[in-house]
Peer 1: 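I'd like to ask some things about the structure below.
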Amino acid sequence: MSKIRVRFAPSPTGYLHVGGARTALFNWLYARQHGGALILRIEDTDLQRSSPEMVQGILEGLDWLGLDFDEGPFFQSSYVEAHREAVGRMLEAGSAYRDFTPKEERSDAEIKQQVAEAARSAPPPNPYRDFDPAASAAKAAAGEPFVVRFRVPREGTSRFEDLVYGLQEREYREIEDFVLLRTDGHPLYNLGVVVDDIAMGITDVIRGQDHLFNTHKQILLYRALGQPIPRFAHLPLILAPGKEKLSKRKHGEIVSLTTYRDRGFLPEAILNFLALLGWSPESGEYKDREIFSREELVRIFSLERIHKSNAIFNFVEGDARQWTDQKALWMNGEYIKSLPLDRIVPLVAAELRQAGIWRERFATEEAAWFATTVGLLRERYRTLTEFATLGRPYWVEGVDFPFEEPAVEKNLRKDAALRTLLPVLADRLSALDSFTHATTEEALRQLANESGVKAGLLINGARTALTGQAVGPGIFDVLVAVGQSRTGQRLRHAVTLLG
RNA sequence: GGCGCGUUGGUGUAACUGGUUAACACGCCGCCCUCUCAAGGCGGAGAGCACGGGUUCGAGUCCCGUACGCGCUACCA
């Protein structure tokens, strides 16, 4: 068997769509599993849309996910000569013909309507389909404008076996003589893909289900060009809640992969999540497991286990807690707490840098403390962003962090005894020679005993005094993380909040 | 309109070639743990497999029909 060669062929839209990311992932997994090659090709036939910036987002997304390609990026627009040359051959062989019918200018809305109407009745036969080749060439030579159409057989059935959707059949008479080359000589999608896939030696085409019908047309082109037909595997679509198409226009940045990077996702997590959208491992050895490393996915991926129904990407617009799929968020949390700490630490550092609260000493003399603190906080965070927001009190000096009103109310103002106890606690903790989990606990509990209050009063008060929050790690871990000097500072400051 | 594809709890999925009370994960609720929250442990609610027929001793799994959804049907990709 010849070497597997697959490609990811996005159009340059300026960002990597989550659906595109999954298509890229499946191609990548397939290529890596078979020791094949993944080729990146930008489908920029539609010239107006194409620009370097438009490609940048896609490259960034793939790079972030770690989906490396072996060849490319190639640009479809740079192969137009090959496309035209192929058309020339088809014209000569009679598998394509020139259509001199004048172009009809139509708006998108009109097209939508006309397409439906036109299809209602059988299209009239094209007068140029059986035009005399010599006369056709003469008209062309005389400078008359024309498009080139493919001569689709009048009868018979187009068939191919899709690796996901199974046997696909379509009557040839249901396929119009599609345009290959526009009046301006510009090659169209179906032509470009086939010519390029042939040139690049693509053996397996793995792409979205929206191309299922195009495949019949493309197979016709492979035949006309006398080339072997690759295997096809079409992927179910990823839909938005409500089963509508997931689009940037309608759903905003949620569809763009870089959003996940910017909002504190780990590539490992989003990759894992995407892999499970429309595919699942063979039950048995992997039953009831959801977390898979990239290496495992490469090993256990199979096109046969992709299923046919579209998946819904669940999220609630306008709900900060559910800005994206809850399961993706959960999975990200799993990766944050289980990946090696030295993988997480630099990511948190980058996050803090971006938030403007990074200090160089975190990477030098305080590196050990920094790692420990990250290790402490990672247990309860689900995105990297939270290290800079919820985690802010751990990194900043003084009391440069927000106090959550409900927390202040519940843990500080509730009991007037705190007014006198907090300063005492501050004094006792400041006086400790060694500031550890054990010594701080002893000091705090002793004060509680002496004063006849429950330790919880001091503990919760201290938590809010130190972090402004009502929730967080165990208080003695917090004390140690915040350190002796800030602890004293913050406990005394808290008294001023008591009003 | 035509053609194609699909339909298992709110979401993602499982259920070998038809055979125990349809399983797992996320989310939700409760309990335990506990200084809070999260994690973790335990338990619970939630689908009878879109609907209607049929085949069969027996169907989520096979067949037919209907509904709904999605896709395609461009000198877009």
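So that the names make sense, note that chain A is the first sequence line, chain B the second, and so on, each numbered from 1.
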Peer 1: Does Thr467(A) reach a base, just sugar-phosphate, or nothing at all? Heavy atoms under 4.0 Å.
Peer 2: nothing
Peer 1: Taking the six-membered ring of Phe150(A), is NZ or CZ of Lys217(A) closer than 6.0 Å to its centre and within 45° of its axis?
Peer 2: no
Peer 1: Nearest to the His307(A) side chain among A14(B), U36(B), C76(B), which nucleotide is it?
Peer 2: A14(B)
Peer 1: At 4.0 Å (heavy atoms only), tell me whether Ile475(A) reaches a base, stays on the sugar-phosphate, or touches nothing.
Peer 2: base
Peer 1: Ignoring backbone atoms, establish whether His211(A) has a side-chain N or O less than 4.0 Å from OP1 or OP2 of C72(B).
Peer 2: no
Peer 1: Just to be sure I understand the rule, does Gln168(A) reach a base, reach only the sugar-phosphate, or reach nothing, if contact means heavy atoms closer than 4.0 Å?
Peer 2: sugar-phosphate
Peer 1: Of Ala311(A) and Asp210(A), whose closest RNA chain B nucleotide lies nearer the 5' terminus?
Peer 2: Ala311(A)
Peer 1: Using a cut-off of 4.0 Å on non-hydrogen atoms, how would the nucleic acid contact of Lys454(A) be classed: base, sugar-phosphate, or nothing?
Peer 2: nothing
Peer 1: With nearest nucleotides of RNA chain B determined for Phe213(A) and Gln322(A) from heavy-atom distances, which residue corresponds to the more 5′ nucleotide?
Peer 2: Gln322(A)
Peer 1: Which is true for Arg170(A) with a 4.0 Å heavy-atom rule: it touches a base, it touches only sugar-phosphate, or it touches nothing?
Peer 2: base
Peer 1: Any donor-acceptor pair under 3.5 Å linking the side-chain atoms of Gln168(A) with those of Asp162(A)?
Peer 2: no
Peer 1: Of the nucleotides C37(B), U73(B), C35(B), which one has an atom closest to the side chain of Glu176(A)?
Peer 2: U73(B)
Peer 1: Looking only at the side chain of Gln209(A) (C-beta and beyond, no hydrogens), which of the listed nucleotides C5(B), C75(B), A39(B) gets closest?
Peer 2: C5(B)
Peer 1: Select base, sugar-phosphate, or nothing to describe what Pro102(A) touches, counting heavy atoms under 4.0 Å on all strands.
Peer 2: base
Peer 1: Could you tell me how far apart Leu239(A) (CG) and G6(B) (P) are, to the nearest whole angstrom?
Peer 2: 15 Å
Peer 1: Classify the nucleic acid contact of Pro236(A) as base, sugar-phosphate or nothing, counting any heavy atom under 4.0 Å across all strands shown.
Peer 2: nothing
Peer 1: For the C1' atoms, the ones on A67(B) and on C26(B), what distance do you get once it is rounded to whole angstrom?
Peer 2: 30 Å
Peer 1: Can you tell which of A14(B), A25(B), C5(B) lies closest to the side chain of Arg305(A)?
Peer 2: A14(B)
Peer 1: If we take the P atom in both A47(B) and G4(B), what is their distance in whole Å?
Peer 2: 35 Å
Peer 1: Below the 4.0 Å mark, does G12(B) have OP1 or OP2 next to a side-chain nitrogen or oxygen of Arg22(A)?
Peer 2: no
Peer 1: From C-beta outward on Gln326(A), which listed nucleotide comes closest to its side chain: C75(B), U11(B), G27(B)?
Peer 2: G27(B)
Peer 1: Separation of Arg380(A) atom CZ from A38(B) atom C1', in whole Å?
Peer 2: 5 Å
Peer 1: Could you please name the option among G12(B), C75(B), C37(B) that lies closest to any side-chain atom of Val179(A)?
Peer 2: C75(B)
Peer 1: Asn314(A) side chain: which of C37(B), G69(B), G10(B) is closest?
Peer 2: G10(B)
Peer 1: With syn defined as a glycosidic angle within 90° of 0 and anti as everything else, classify G12(B).
Peer 2: anti
Peer 1: When you get a sec, tell me which of C70(B), A25(B), A14(B) is the closest nucleotide to the side chain of Trp330(A)?
Peer 2: A25(B)
Peer 1: Please state how far atom CG in Leu237(A) lies from atom C1' in G12(B), giving the value in whole angstrom units.
Peer 2: 16 Å
Peer 1: Could you tell me which residues satisfy side-chain hydrogen bond (donor to acceptor under 3.5 Å, both in side chains) with Asp177(A), sequence neighbours excluded, listed by chain and number?
Peer 2: Tyr97(A), Arg129(A)
Peer 1: Given atom CG of Leu235(A) and atom C1' of G12(B), what is their separation to the nearest angstrom?
Peer 2: 16 Å
Peer 1: Record whether the side chain of Asn214(A) comes under 3.5 Å of the base of A77(B) through a donor-acceptor pair of N or O atoms.
Peer 2: yes
Peer 1: Heavy atoms only, 4.0 Å cut-off, all strands: where does Gly474(A) land among base, sugar-phosphate and nothing?
Peer 2: base
Peer 1: Parallel, tilted or perpendicular, judged at 30° and 60°: which one describes the rings of Trp323(A) and Tyr260(A)?
Peer 2: tilted
Peer 1: What nucleotide, of C5(B), G71(B), A77(B), holds the atom closest to the side chain of Tyr165(A)?
Peer 2: C5(B)
Peer 1: Quiz question: by atom type and distance under 3.5 Å, do the side chains of Tyr189(A) and Asn214(A) form a donor-acceptor pair?
Peer 2: no
Peer 1: Please measure how far the P atom in A22(B) lies from the corresponding atom in C32(B), and state the result in whole Å.
Peer 2: 31 Å
Peer 1: Write down the distance separating the P atoms in G12(B) and G71(B), rounded off to the nearest Å.
Peer 2: 16 Å
Peer 1: May I ask you to verify if any side-chain N or O of Arg382(A) is less than 4.0 angstrom from the OP1 or OP2 atom of A39(B)?
Peer 2: no
Peer 1: Is any side-chain nitrogen or oxygen of Thr183(A) closer than 4.0 Å to OP1 or OP2 of C75(B)?
Peer 2: no
Peer 1: Say whether Gln76(A) and His83(A), considering side chains only, have a donor N or O and an acceptor N or O under 3.5 Å apart.
Peer 2: no
Peer 1: Between G6(B) and G60(B), how many Å separate the two C1' atoms, rounded to a whole number?
Peer 2: 15 Å
Peer 1: Dot-bracket for RNA chain B, please, read 5' to 3', with Watson-Crick or G-U wobble pairs under 3.5 Å on both distances, ( ) within the strand, [ ] crossing, | other strand, . unpaired.
Peer 2: (((((((..((((.....[...)))).(((((.......))))).....(((((..]....))))))))))))....
Peer 1: Do the numbers put Lys139(A) on top of the ring of Phe146(A), so that NZ or CZ is under 6.0 Å from the six-membered ring centre and no more than 45° off the axis?
Peer 2: no
Peer 1: Between Leu246(A) and His17(A), is there a side-chain heavy-atom distance shorter than 4.5 Å?
Peer 2: yes
Peer 1: Please verify the inter-ring angle class for Phe292(A) with Trp279(A); under 30° counts as parallel, over 60° as perpendicular, anything in between as tilted.
Peer 2: perpendicular
Peer 1: Suppose we call a contact any N or O donor and acceptor under 3.5 Å apart; does that hold for the side chain of Arg463(A) and the base of C35(B)?
Peer 2: yes
Peer 1: Say you pick atom P in G48(B) and the same atom in C3(B); how far apart are they, in whole Å?
Peer 2: 32 Å
Peer 1: Do Met200(A) and Arg7(A) make a side-chain contact, defined as non-hydrogen atoms from C-beta onward lying under 4.5 Å apart?
Peer 2: no
Peer 1: Using the P atom in both, what is the distance from U73(B) to C63(B), to the nearest Å?
Peer 2: 29 Å
Peer 1: Between Lys327(A) and A25(B), is there a side-chain N or O to OP1/OP2 distance below 4.0 Å?
Peer 2: no
Peer 1: Among G4(B), U11(B), A77(B), which is the nearest nucleotide to the side chain of Leu212(A)?
Peer 2: G4(B)
Peer 1: Give me the ring orientation class for Tyr128(A) and Phe131(A): parallel if the planes are under 30° apart, tilted from 30 to 60°, perpendicular past 60°.
Peer 2: perpendicular
Peer 1: G69(B) and G30(B): how far apart are their C1' atoms, nearest whole angstrom?
Peer 2: 37 Å
Peer 1: What's Arg378(A) touching, base or sugar-phosphate or nothing? Going by heavy atoms closer than 4.0 Å.
Peer 2: nothing
